[in-house]
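Just so we're on the same page: letters track the sequence lines, and every chain starts at 1.
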Amino acid sequence: MSWLRVETPLPSGPMHIAVTPLGVVAGGYLGDEAGELPRCTDEAKIAAVKTRIGDYLAGRSREPGLPIDWSLSTGPHRTVLQTLLREVPYGRTITYGELAARSGVFEGVAEPGLAARTVGQMMAANPVPLLVPCHRVVAADGIGGFGGGRVGIEVKRWLLTLEGVLEPTLDWNGPL
DNA sequence: AGCTATACCCTTT
DNA sequence: AAAGGGTATAGCT
């Protein structure tokens with residue numbers, strides 16, 4: 001896989017996206033690990049990803065519309081991610097417990113609270129942030145948490161504001 | 001009404 | 001093989 005850098009208006013700064021011949025395989029919000037990553041040299045892919053991601057973050061498109069390479073996720077993990085992608089459209093949110101139920105992975109296996117916890121873990125381990133809208137998954141009583149340290153939760157809030165789920169705040173620097 | 005403790009799954013190191 | 005996580009709920013205070 002090869003990586004490319006995408007400028008974003010996110011509080012975390014530029015993103016890094018990994019692509020394969022199949023599609024987008026991974027991504028990250030950390031802007032400093034770029035040094036050791038193999039750089040993508042395919043100009044066509046670079047342009048496509050930058051355009052799609054850029055349009056989405058600018059509010060010009062509602063779906064990134066990029067092909068996803070699921071090879072980094074397997075079993076239940078992949079099932080839950082795909083369920084999320086299919087069941088939760090732009091501007092909607094779902095709770096951890098709800099997603100667990102919809103995915104069917106925990107059918108009759110675990111108790112509600114326990115399944116929700118597992119889903120949280122899966123979201124945290126989501127290799128393809130943004131394309132798989134893990135930020136649309138919230139806790140039953142509020143926004144919930146978000147991995148990636150302190151900026152993580154800020155990114156989540158930013159994205160939810162972009163989609164109109166949350167009211168804009170003072171530090172909102174995005175479109176609208 | 002609000003807070004703490006507990007449950008025991010799935011991914012990652 | 002072990003630890004821990006973006007939670008949900010039940011029970012107390």
With a 3.5 angstrom cut-off on both distances, give the Watson-Crick or G-U wobble partner of C/dG6, or none if there isn't one. none
5′-ward residue of the pair A/R117/A/L72 relative to DNA chain B: A/R117
Need one value for A/A140: base, sugar-phosphate or nothing, where a base atom within 4.0 Å counts as base even if backbone is also close, heavy atoms only. sugar-phosphate
Could you check whether the side chain of A/T118 and the base of B/dC9 have a donor-acceptor pair of N or O atoms closer than 3.5 Å, going by distance alone? yes
Quick one: A/M122 CE to C/dG4 P, roughly how many Å, whole number? 20 Å
Donor-acceptor check, side chain of A/K156 to backbone of A/V137, threshold 3.5 angstrom: yes or no? yes
So which atom in A/L85 and which in A/P133 form the shortest heavy-atom distance, rounded to 0.1 Å? CD1-CD, 3.7 Å
Applying a 4.0 Å non-hydrogen cut-off, can you work out what A/V137 is touching in the nucleic acid: base, sugar-phosphate, or nothing? base
Are A/I143 and A/L166 side-chain neighbours, meaning at least one heavy-atom pair lies under 4.5 Å? yes
Send over the distance from A/I94 CD1 to C/dA8 P, rounded to a whole Å. 11 Å
Figure out the CG/P separation between A/L81 and C/dG6, and round it to whole Å. 15 Å
Nucleotide nearest A/Q121 (side chain, heavy atoms from C-beta), chosen from B/dT12, C/dG6, C/dG5: C/dG5
For the pair made of CZ in A/F106 and C1' in B/dC8, what is the distance, rounded to whole Å? 13 Å
Specify the separation, in whole Å, of atom CG of A/L114 and atom C1' of C/dG6. 16 Å
Once you round it to whole Å, what is the distance between P of C/dG6 and CZ of A/R157? 17 Å
Can a donor-acceptor pair be found between the side chains of A/Y96 and A/Q121 at a distance below 3.5 Å? no
Round to a whole Å and report the spacing from CZ of A/F146 to P of C/dT7. 12 Å
Scan side-chain atoms only and decide if A/N173 and A/W158 contain a donor-acceptor pair under the 3.5 Å cut-off. yes
Could you tell me whether A/G97 contacts a base, only the sugar-phosphate backbone, or nothing, with contacts defined as non-hydrogen atoms closer than 4.0 Å? sugar-phosphate
Tell me which nucleotide, if any, is Watson-Crick or G-U wobble paired with B/dC8 when both distances must be under 3.5 Å. none
Quickly work out the A/D141 CG to B/dC3 C1' distance and round it to whole Å. 13 Å
